[in-house]
J.: 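Before anything else, here's the structure in question.
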Amino acid sequence: MKMTKCLLFCTAVSSFVIASEYLTCAAEIRGVSKDTIAVGIIVDQSGPAAAAVTYADAAKNYFRYVNDHGGIHGRKIRLIAEDDRYTIPGAFAAFKKLVFKDEVLTILACGGTGQTTALFSSIEKNHMPVNTLSWSWTMTDPVRRYVFTPGNDNKDEMKIIMDYIVNTLKPKNPRIAVVCPDVEYGKSGTKVARMKAKEHDVELVKGEIIPISAIDLSSQVLSLKRKKASHIVSLTITGPTLALLRNSKRLGYSPVFVGSFHIFEDEVAQAGGELAKKVYAAGAFGSWFDETKGVSKLKETSLQYTPHMKPPNRYYLKGWITAKITHEGMKRAGKDLDGQSLVNALETIQNLDMEDLTGPISYSPTDHKGNDYARMYKADIKKGYFVPVTGWIRSE
């Protein structure tokens with residue numbers, strides 16, 4: 001009898017311990033509670049790439065709309081944005097806070113290429129799903145379990161840019177130069193430019209390093225002029241691009257400028273002067289001024305929450321798209337949401353219709369790049385913004 005009571009007691013204790021451990025685990029799913037989902041963003045808010053802060057603004061507005069319409073399976077999104085000041089130490093500090101203090105489920109951006117690359121081991125160690133702000137092809141090649149991108153990469157952009165110069169603009173004997181900052185994004189893009197120049201049998205002249213904070217680029221412009229570069233492929237951002245245009249005009253140099261997403265800013269069309277007429281850009285994502293279904297919804301919702309907002313830059317579009325993709329992944333993961341189920345759900349997305357905000361989005365266990373599309377735009381100095389000159393082009 002005593003033995004029976006002892007066995008019953010031990011069984012009850014064991015059951016209680018097992019149940020307690022189960023409940024503790026259930027309660028400790030990182031970033032997910034009964035009624036909230038914590039999501040993080042790491043983006044430059046006060047450094048040289050602070051234009052990207054609109055990425056966070058877009059995600060905030062998108063998730064406000066989601067929350068106002070019931071959330072995701074009854075849970076509301078709590079968004080936490082951190083400033084890395086476009087530095088690797090800043091990115092590490094922000095990542096540590098988001099993972100260990102805020103305990104977020106996922107991070108919608110981990111800064112730029114250098115910051116995300118430096119965080120690769122921490123992302124893997126902490127099983128943290130991220131959708132990086134970086135455009136470098138090195139983010140998803142090779143595929144990493146927890147790293148996704150919401151669109152194309154600089155390999156796709158460079159292929160589309162080089163093809164557009166040679167096949168559409170059709171210059172005679174083009175001499176193409178790549179200008180970029182001395183960062184991984186620029187280096188990886190330049191490698192692709194060399195490959196495409198060889199493929200098209202056109203001359204790629206030695207380019208120039210353009211610091212992100214550059215104001216006076218006289219020496220770089222004079223060097224490009226001496227090399228007789230007819231086409232400048234720019235992998236820098238708005239500020240240095242405007243400096244290139246101003247210095248080129250002053251020094252009597254008038255090449256065609258073809259840039260990546262990063263120069264695709266209305267300020268270039270508004271302040272670039274006459275030379276802006278010769279500026280093209282490959283847009284991985286659409287523009288506030290595009291007349292498409294997706295942009296109409298974005299504008300209507302954004303103005304609902306920020307009534308007096310001015311037309312935002314392209315990082316806003318990217319932030320909105322990233323939030324939309326993450327929303328889709330969370331819906332697919334269901335009520336039993338955690339980091340692993342989110343990754344698994346994202347990998348089921350195939351040809352997700354983005355309503356012309358970008359090309360269709362697809363992922364799989366062997367491909368974490370959102371798509372390989374871009375649309376070519378041209379600066380319109382009368383309208384004061386970039387206008388599309390092609391439909392969505394898929395990188396070969």
J.: For E82, is there an ion pair with K97 - N to carboxylate O distance below 4.0 angstrom?
T.: yes

J.: For Q350, does the CD atom have more than 12 heavy-atom neighbours from other residues, nucleotides or ligands under 6.0 Å away?
T.: yes

J.: Answer yes or no: is there a side-chain heavy-atom contact under 4.5 Å between Y146 and M128?
T.: no

J.: Looking at D356 and K293, is there a salt bridge between them, counting it only when a charged N and a carboxylate O are closer than 4.0 Å?
T.: no

J.: Can you find a pair of side-chain heavy atoms, one from W135 and one from S260, that are under 4.5 Å apart?
T.: no

J.: Please determine if K297 and E355 form a salt bridge, counting it only when a charged side-chain N lies under 4.0 Å from a carboxylate O.
T.: yes

J.: Under the 4.5 Å side-chain heavy-atom rule for ILVMFWY, direct or indirect, which residues accompany I215?
T.: none

J.: What verdict does the side-chain contact (heavy atoms from CB on, under 4.5 Å) test give for D372 and I160, after you've listed the backbone C-alpha separation in whole Å, the side-chain angles of each residue and the deciding distance to 0.1 Å?
T.: CA-CA 10 Å; D372 46 13; I160 290 169; over 6 Å; no

J.: For W392 and Y373, I'd like to know if the aromatic rings sit close, meaning centre-to-centre distance below 6.0 Å.
T.: no

J.: Tell me whether K369 is salt-bridged to D156, with the criterion being a basic N under 4.0 Å from an acidic carboxylate O.
T.: yes

J.: Please report the C-alpha distance between R145 and E347 in whole Å, then the side-chain angles of each, then the deciding distance to 0.1 Å, and finally whether the salt bridge (Lys or Arg N to Asp or Glu O under 4.0 Å) criterion is met.
T.: CA-CA 10 Å; R145 165 74 175 164; E347 290 178 341; 3.8 Å; yes

J.: Using salt bridge (Lys or Arg N to Asp or Glu O under 4.0 Å), reason through E328 and R332 one step at a time and then give a plain yes or no.
T.: CA-CA 6 Å; E328 179 68 21; R332 293 184 181 215; 2.7 Å; yes

J.: Go through the steps for T54 and D57 under the test side-chain hydrogen bond (donor to acceptor under 3.5 Å, both in side chains), then give the verdict.
T.: CA-CA 5 Å; T54 61; D57 296 336; 5.6 Å; no

J.: Is it true that Y55 and Y316 have ring centroids separated by less than 6.0 Å?
T.: no

J.: Are Y315 and W288 close enough that their ring centers fall under 6.0 Å?
T.: no

J.: With a 4.0 Å cut-off on N to O distance, would you call E199 and K159 a salt bridge?
T.: no

J.: Using the rule that two of Ile, Leu, Val, Met, Phe, Trp, Tyr join whenever any of their side-chain heavy atoms come within less than 4.5 Å, decide whether V147 and I325 are in one cluster.
T.: yes

J.: For R78, is there an ion pair with D102 - N to carboxylate O distance below 4.0 angstrom?
T.: no

J.: Less than 4.5 Å apart, any side-chain heavy atom of M330 and any of L342?
T.: yes

J.: NZ of K249: more than 12 outside heavy atoms within 6.0 angstrom?
T.: no

J.: I'd like to know if R30 and E103 make a salt bridge, using a cut-off of under 4.0 Å between side-chain N and carboxylate O.
T.: no

J.: Check whether any side-chain heavy atom of V32 lies under 4.5 Å from a side-chain heavy atom of R75, and answer yes or no.
T.: yes

J.: For the CG atom on N173, are there more than 12 heavy atoms of other groups (residues, nucleotides or ligands in this structure) within a distance under 6.0 Å?
T.: no

J.: Could you tell me how the ring of Y363 sits relative to the ring of F148: parallel (under 30°), tilted (30 to 60°) or perpendicular (over 60°)?
T.: perpendicular

J.: Could you tell me whether the side chain of Y253 reaches within less than 4.5 Å of the side chain of N247, counting heavy atoms only?
T.: no

J.: Which pair of heavy atoms, one from T190 and one from C180, lies closest together, and at what distance?
T.: OG1-SG, 3.8 Å

